[in-house]
Amino acid sequence: MKWLRFSLLVLGVFSLCCSTAGDSSGIKKMKMQFATGPLLKFQIISGYKRVFEEYTQALYQRYPDIRIEGENYLPVPIYHVASFLSMFKLLVIGLIIIGRDPFALVGVQAPGIWEWGQQNKIYACMMVFFFSNMIENQLMSTGAFEITLNVPVWSKLESGHLPSMQQLVQILDNEMKMNVHMNTRTHHHS
């Protein structure tokens, strides 16, 4: 019985380490060191990593002076909910392992699922772990592919689709022309 508690405790600690270590499978912040042009920033989910890399290569060829950064898109409120769920999952697994009845603390009779979990600790811990991970992943899968060039220029969340390379080039050309026009007007007035 002690090995069971120890192994489940190790599983919980491992889960905590994985949940707080960050998303290593996602997009690492990528920067071009020597570029001096405007900053084009992509905020995406890890599922669009290949698209981001293809766009980056094509854009560097067309705009050699542009600075491009890519990072994971994490909406703040949803991120906090997912983080809370991750910690709550560990608390529930810990309570199952040590056999404490949290319902007794508030003077409520434990539901049948809790009783079942106490009789089947391994299955209960696995169910809590995998079910909560499924919910966390669903919360974090936003489908985001957001692009900014000083101001937002494309949002997959708003448009519902990725921009084609031609659309992106046209948008960037227009934004850069507008920025050059604004900069020349500012210099003329000084």
Going by heavy atoms in the side chains, are S155 and F145 under 4.5 Å from each other?
no
Hey, does the side chain of Y63 reach the backbone of V169 with a donor-acceptor pair shorter than 3.5 angstrom?
yes
Return the set of residues passing side-chain contact (heavy atoms from CB on, under 4.5 Å) with D101 (not counting sequence neighbours), or none when no residue passes.
F103, A104, A110, W114
Give me the atom names and distance for the closest heavy-atom approach of I98 to K121.
C-NZ, 4.3 Å
Between A124 and G117, what is the shortest heavy-atom contact and its length?
CB-CA, 3.6 Å
Walk me through it: do Q138 and M134 pass the test side chain to side chain contact (heavy atoms under 4.5 Å, CB included)?
CA-CA 6 Å; Q138 202 61 27; M134 180 185 67; 5.7 Å; no
To the nearest 0.5 angstrom, please state how far the CG atom of L39 sits from the CG atom of N150.
7.0 Å
One should read off an interatomic distance between I68 CD1 and T56 OG1, to the nearest 0.5 angstrom, of 5.0 Å
Connected to L157, directly or through other members, by ILVMFWY side-chain contacts below 4.5 Å are Y73
Atom pair CZ/CD of F42 and E53 - distance to nearest 0.5 Å
11.5 Å
Can you sort out the partners of R62 under salt bridge (charged side-chain N to carboxylate O under 4.0 Å, His left out), two or more places apart, ordered by chain and number?
D173
Full working for side chain to side chain contact (heavy atoms under 4.5 Å, CB included) between W154 and L149
CA-CA 9 Å; W154 188 270; L149 182 68; over 6 Å; no
In Å and rounded to the nearest 0.5 Å, what is the CZ to CD distance from F88 to E136?
12.0 Å
Work out which heavy atom in L95 is nearest to a heavy atom in Q118; give both atom names and the distance.
O-NE2, 4.1 Å
Taking C-beta and beyond as the side chain, do W116 and M127 meet within less than 4.5 Å on heavy atoms?
yes
Roughly how far, to the nearest 0.5 Å, is CG of L168 from CD1 of I147?
4.5 Å
Ignoring hydrogens and geometry, is there a side-chain-to-backbone donor-acceptor pair from Q167 to S164 under 3.5 Å?
yes
Interatomic distance, I96 atom CD1 to C125 atom SG [nearest 0.5 angstrom]:
4.5 Å
E146 and I44: side chain to side chain contact (heavy atoms under 4.5 Å, CB included), yes or no, with the steps?
CA-CA 6 Å; E146 312 303 293; I44 63 176; over 6 Å; no
Worked check of side chain to side chain contact (heavy atoms under 4.5 Å, CB included) between K89 and F131
CA-CA 9 Å; K89 161 186 67 181; F131 185 67; over 6 Å; no
Is the shortest side-chain N to carboxylate O distance from E71 to K41 below 4.0 Å?
yes
Treat each ILVMFWY residue as a node, draw an edge where side-chain heavy atoms are under 4.5 Å apart, and state whether I122 and I97 are in one component.
yes
Could you check whether any side-chain N or O of S86 sits under 3.5 Å from a backbone N or O of A82, counting only pairs where one atom can act as donor and the other as acceptor?
no
Report whether I93 and F84 are members of the same hydrophobic cluster (ILVMFWY, side-chain heavy atoms less than 4.5 Å apart, transitive linking).
yes
Using every non-hydrogen atom in the two residues, find where Y48 and K156 come nearest and quote the distance to one decimal.
OH-CE, 2.9 Å
Flag the pair D65 / Y60 as yes when at least one side-chain heavy-atom distance between them is below 4.5 Å, and no otherwise.
no
Is there a donor-acceptor contact under 3.5 Å from the side chain of T148 to the main chain of V151?
no
